[in-house]
Asker: 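Let me begin by handing over the structure; questions about it come next.
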Amino acid sequence: QNDVPYSFCMCNPPFFKDKDDKLGTASRTGNRPIPLTQNTGNESETITDGGEVAFVKRIISDSLKLGTKIKWYTSMLGKKASVRSIKSELLRNKVPVVVSTEFSQGKTHRW
């Protein structure tokens, strides 16, 4: 049993649920250009069951069990569609303070 309190938990979760999700074939339309950058992370760094939403939901679940042992949680999301799911989960669990923002660098956006 570790009773040491921590100030924060910072996470950049694996964004993808499988190899197809990582390639982006399902989320791309003819209107959206092919990315100019390469994803250099290996599978263990970029893919997790359920993708980033499931990963962050597990963190939310853990935070409810840990209570005040960790004061602040922060996670970056790679898909705009994930924001709504995570905010709904936080609301459903009555998390009292939720702050979000958008980071943009060139054509890359994170939430």
Side-chain angles (χ1 to χ4, degrees):
Q1 178 89 16
N2 185 352
D3 292 331
V4 176
Y6 292 91
S7 297
F8 65 92
C9 169
M10 182 183 296
C11 178
N12 182 9
F15 295 127
F16 309 107
K17 61 184 176 188
D18 56 35
K19 288 180 184 178
D20 290 334
D21 190 26
K22 184 177 177 179
L23 293 173
T25 52
S27 65
R28 295 208 171 272
T29 66
N31 300 330
R32 192 168 164 207
I34 295 173
L36 300 174
T37 58
Q38 289 289 325
N39 184 321
T40 58
N42 64 43
E43 285 187 25
S44 67
E45 297 171 320
T46 59
I47 296 173
T48 189
D49 288 339
E52 64 186 5
V53 170
F55 190 93
V56 174
K57 282 183 177 183
R58 287 191 295 273
I59 292 175
I60 294 168
S61 176
D62 288 347
S63 76
L64 297 171
K65 294 173 193 164
L66 292 169
T68 59
K69 288 185 179 183
I70 300 177
K71 297 181 187 324
W72 188 265
Y73 291 83
T74 181
S75 185
M76 184 166 61
L77 301 171
K79 298 178 181 179
K80 186 175 184 178
S82 299
V83 176
R84 181 178 289 175
S85 296
I86 297 303
K87 283 187 173 181
S88 294
E89 184 73 5
L90 293 166
L91 183 64
R92 188 178 73 73
N93 284 287
K94 298 177 175 62
V95 174
V97 178
V98 176
V99 178
S100 66
T101 190
E102 180 178 347
F103 299 100
S104 298
Q105 184 174 0
K107 294 181 180 181
T108 302
H109 302 277
R110 298 288 182 255
W111 295 267

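Everything quoted here is computed from the prediction, not taken from an experiment.
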Asker: Is there a side-chain contact between Glu102 and His109, using heavy atoms and a 4.5 Å cut-off?
Answerer: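 Yes, at least one pair of side-chain atoms sits under 4.5 Å.
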Asker: May I ask you to decide if Ser82's main-chain N or O and Glu52's side chain share a donor-acceptor pair within less than 3.5 Å?
Answerer: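 Flag not set: sc Glu52 to bb Ser82 has no pair under 3.5 Å.
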Asker: Less than 4.5 Å apart, any side-chain heavy atom of Ile59 and any of Cys11?
Answerer: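 The answer is yes; the side chains approach within 4.5 Å.
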Asker: Please answer: with hydrophobic residues joined when any side-chain heavy atoms are less than 4.5 Å apart, are Leu91 and Val99 in the same cluster?
Answerer: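 No, separate clusters.
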Asker: Would one find more than 12 heavy atoms of other residues, nucleotides or ligands at under 6.0 Å from atom NZ of Lys17?
Answerer: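 At most 12 heavy atoms, drawn from other residues, nucleotides or ligands, come within 6.0 Å of this atom.
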Asker: State whether the number of non-hydrogen atoms from other residues, nucleotides or ligands found under 6.0 Å of Asp49 atom CG is greater than 12.
Answerer: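 No, because the 6.0 Å sphere around CG of Asp49 holds 12 heavy atoms or fewer from other groups.
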Asker: Under a 4.5 Å cut-off applied to non-hydrogen side-chain atoms, are Arg92 and Ile60 in contact?
Answerer: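 No, side chains not in contact.
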Asker: In terms of hydrophobic clusters joined by side-chain contacts under 4.5 Å, are Val53 and Leu90 together?
Answerer: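 Result: yes, single cluster for both.
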Asker: Whether the side chain of Ser61 engages the backbone of Lys57 through a donor-acceptor N/O pair (distance < 3.5 Å, no angle test) should be reported.
Answerer: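 No, Ser61 side chain to Lys57 backbone: no donor-acceptor pair under 3.5 Å.
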Asker: Leu77 versus Arg110: any side-chain heavy-atom pair under 4.5 Å?
Answerer: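 No. Closest side-chain heavy atoms not under 4.5 Å.
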Asker: Hey, which of Asn42, Ile47, Thr46 is the one that makes side chain to side chain contact (heavy atoms under 4.5 Å, CB included) with Ser44?
Answerer: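 Result: among Asn42, Ile47, Thr46, Asn42 is the only option passing the side chain to side chain contact (heavy atoms under 4.5 Å, CB included) with Ser44.
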Asker: Measure the spacing between NZ of Lys79 and CH2 of Trp111 and express it to the nearest 0.5 Å.
Answerer: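 Answer for the NZ-CH2 pair, Lys79 versus Trp111, is 11.0 Å.
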Asker: With a 4.5 Å limit on heavy-atom distance, are the side chains of Asp62 and Tyr73 in contact?
Answerer: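 Answer no - side chains too far apart.
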Asker: Would you say Ser75 and Phe55 make side-chain contact, with heavy atoms under 4.5 Å?
Answerer: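 SC-SC contact between Ser75 and Phe55 ruled out.
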